[in-house]
K.L.:
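Before I ask anything, let me first share the structure, which is written out below as structure tokens.
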Amino acid sequence: MGAAAKDKSLTVLGIETSCDETAAAVVRRAAGGRGEILASVVRSQLDLHSAYGGVVPEIAARAHVELLDAAIRQAMGEAGLDFAAVDAVAAAAGPGLIGGLIVGVTTAKAIALGLGRPFIAVNHLEGHALTAGLTDGLDFPYLLLLVSGGHTQLLIVNGVGAYERLGTTLDDALGEAFDKAAKLLGLGYPGGPEVEREAARGRPAIALPRPMLGRAEPHFSLAGLKTALRREARARAPLSRQDIADLCASFQEAVVDIVSDRTARALDLYWERLGSGAQRALVVAGGVAANQRLKAALETVAGKHGFRLVVPPPELCSDNAVMIAWAGALRLSHGLTDDLSAPIRARWPLDPEAPPAIGAGVKA
Ligand code: KG4
Ligand code: ZN
């Protein structure tokens with residue numbers, strides 16, 4: 001695959017099985033670079049895991065085995081394409097739960113081998129990072145705030161495969177913090193939407209800590225907030241419905257303050273790194289991007305810095321295979337394909353050069 005691929009229309013089948021969504025999608029990248037979603041299938045396993053208040057890896061892996069073939073067949077059907085029209089097969093090869101990754105990657109490799117087309121191992125985080133190019137035609141560079149159940153990162157996206165991590169979480173991911181807050185307040189899973197709904201009828205009057213606020217490096221720490229929430233909940237037990245709403249509202253406001261402060265710091269750093277002439281766009285991705293209160297706050301932060309806020313539609317912010325197919329198409333256009341021996345990686349940082357966050361001034 002030479003440089004000529006840059007000027008060719010490319011159709012890629014994408015597969016996502018890194019967590020609890022079994023997803024397949026077909027995306028076309030036109031010669032000019034514009035992307036088009038030909039099909040997107042997402043089979044959520046939510047009902048299988050909700051009783052446990054979180055994703056159970058073994059159950060997820062088995063469900064991927066059972067659901068993936070049909071999801072791929074459905075995606076190809078919706079795209080109205082024969083497999084012969086597929087230029088490459090891409091799968092999320094990490095980071096994530098190893099059992100699920102094995103299912104998706106092995107299936108993708110088998111299809112690629114059968115078709116005699118390239119296989120592309122996509123970093124799941126790169127899928128999230130590049131989505132705004134598909135949905136909004138956004139060029140590089142931009143600042144990405146990735147906030148999901150498993151990840152909380154601030155990254156400069158300079159191009160395909162070119163990421164600079166500015167900040168990460170030292171303990172819990174943001175979505176995980178919402179899920180744990182919901183669990184300890186007796187709300188359902190996933191917790192984010194439940195906490196947001198309860199918060200809407202609560203008063204954010206309960207004092208909770210805002211760890212890491214004002215620190216020079218835009219890292220996050222959320223475990224202390226969760227502990228403080230538990231303490232406040234215990235102090236009020238038994239909780240009335242109004243207590244639950246007030247605790248949710250107070251928790252959400254603490255999160256909003258933390259994310260606003262850390263993102264503002266990252267916007268300053270983005271400028272310092274790239275110069276004030278660089279494109280000013282802030283992209284938010286990951287399931288937590290669905291939170292309306294957080295989105296409004298980020299709109300304000302971005303506006304103050306003269307940045308445009310770009311939030312892909314919710315179904316492309318949470319886990320999906322469109323982002324894997326699109327990242328695959330971009331990689332293919334750069335001639336970046338993988339061998340069938342490409343490994344699966346439970347851990348796979350987007351910026352391997354980033355210094356470890358631990359020691360960056362932790363424990364607020
Ligand atoms: O990206 P995602 O769908 O899956 C991964 O974790 O990769 O994100 C799911 C996370 C869950 O932790 C969920 O509680 C959180 O996103 N979430 C929200 C909201 N909707 C989903 N968190 C806060 N507010 C929401 N409205
Ligand atoms: Zn994700």
Side-chain angles (χ1 to χ4, degrees), residues 14-23 25 40 42-46 49-50 52-57 60 64 91-97 100-101 104 122-131 144-153 155 169 172-185 187-200 202 220 222 225-226 229 248-249 251-256 258-259 283-298 311-324 326-327 346-350:
I15 293 172
E16 160 61 42
T17 56
S18 68
C19 193
D20 61 341
E21 322 280 357
T22 309
S40 176
V42 181
R43 302 272 175 95
S44 173
Q45 304 175 5
L46 211 58
H49 302 285
S50 57
Y52 302 94
V55 179
V56 184
H64 288 306
L97 300 173
L101 291 169
V122 171
N123 184 317
H124 175 90
L125 303 176
E126 179 166 56
H128 281 300
L130 299 177
T131 299
L144 174 75
L145 169 67
L146 174 59
V147 277
S148 71
H151 303 283
T152 302
Q153 300 203 352
L155 292 155
T169 179
D172 293 348
L174 195 60
E176 188 183 359
F178 272 97
D179 293 338
K180 287 179 175 174
K183 197 170 181 178
L184 78 88
L185 294 174
L187 303 171
Y189 174 85
E194 303 268 334
V195 170
E196 182 172 17
R197 202 188 52 237
E198 290 294 319
F220 296 79
L222 297 154
L225 174 58
K226 176 193 63 195
L229 182 72
C248 285
F251 172 82
Q252 187 172 265
E253 281 314 295
V255 164
V256 162
I258 294 166
V259 176
V283 177
V284 188
V288 186
N291 188 291
Q292 294 302 318
R293 176 73 192 91
L294 184 64
K295 211 186 291 182
L298 288 169
V311 186
E315 69 276 12
L316 296 178
C317 271
S318 56
D319 287 352
N320 65 86
V322 166
M323 67 181 192
I324 304 302
W326 174 246
R347 284 182 48 76
W348 187 359
L350 270 186

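Counting starts at 1 for both ligands and their atoms, in listed order.
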K.L.:
For atom 3 (O) of ligand 1, what is the closest protein heavy atom, and at what distance to 0.1 Å?
P.N.:
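Residue, atom and distance for the closest contact: S318 CB, 3.1 Å.
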K.L.:
Quick test of your reading of the structure: of S18, C317, G287, whose heavy atom lies closest to atom 21 (C) of ligand 1?
P.N.:
G287
K.L.:
May I ask whether P193 places a heavy atom under 4.0 Å from ligand 1?
P.N.:
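Flag set, P193 near ligand 1.
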K.L.:
Please state whether the separation between the Zn ion (ligand 2) and some N/O/S atom of H124 is under 2.8 Å?
P.N.:
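Checking H124: at least one N, O or S atom is under 2.8 Å.
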K.L.:
Answer side chain, backbone, both or neither: which part of V288 comes under 4.0 Å from ligand 1, heavy atoms only.
P.N.:
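Contact part for V288 vs ligand 1: both backbone and side chain.
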K.L.:
To the nearest 0.1 Å, how far is atom 4 (O) of ligand 1 from its closest protein heavy atom, and which atom is that?
P.N.:
D319 OD2, 3.6 Å
K.L.:
Quick one: nearest non-hydrogen protein atom to atom 24 (N) of ligand 1, plus distance?
P.N.:
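Ranked first by proximity to atom 24 (N) of ligand 1 is N291 ND2, 3.0 Å.
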K.L.:
Are Y189 and Y52 close enough, and set up right, to give a ring pair (Phe, Tyr, Trp, His ring centres under 6.0 Å), and what steps lead you there?
P.N.:
CA-CA 9 Å; Y189 174 85; Y52 302 94; over 10 Å; no
K.L.:
Quick one: look up the protein heavy atom nearest atom 13 (C) of ligand 1 and list residue, atom name and how far away it is.
P.N.:
D179 OD1, 3.8 Å
K.L.:
Would you call the rings of H151 and H124 parallel, tilted or perpendicular, where under 30° means parallel and over 60° means perpendicular?
P.N.:
tilted
K.L.:
Please say whether G149 places an N or O atom under 3.5 Å from an N or O atom belonging to ligand 1.
P.N.:
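Such a contact does occur with ligand 1.
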K.L.:
Indicate if the distance from the Zn ion (ligand 2) to the nearest N, O or S atom of H128 falls below 2.8 Å.
P.N.:
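Coordinating: yes.
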K.L.:
Measuring from the Zn ion (ligand 2), name the closest N, O or S atom belonging to D319.
P.N.:
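The closest N, O or S atom of D319 to the Zn ion (ligand 2) is OD1.
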K.L.:
Looking at atom 22 (N) of ligand 1, what's its closest protein heavy atom, distance included?
P.N.:
G192 CA, 3.3 Å
K.L.:
Please work out which of E196, Q292, R197 has its closest non-hydrogen atom nearest to atom 26 (N) of ligand 1.
P.N.:
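It is E196 whose heavy atom sits nearest to atom 26 (N) of ligand 1.
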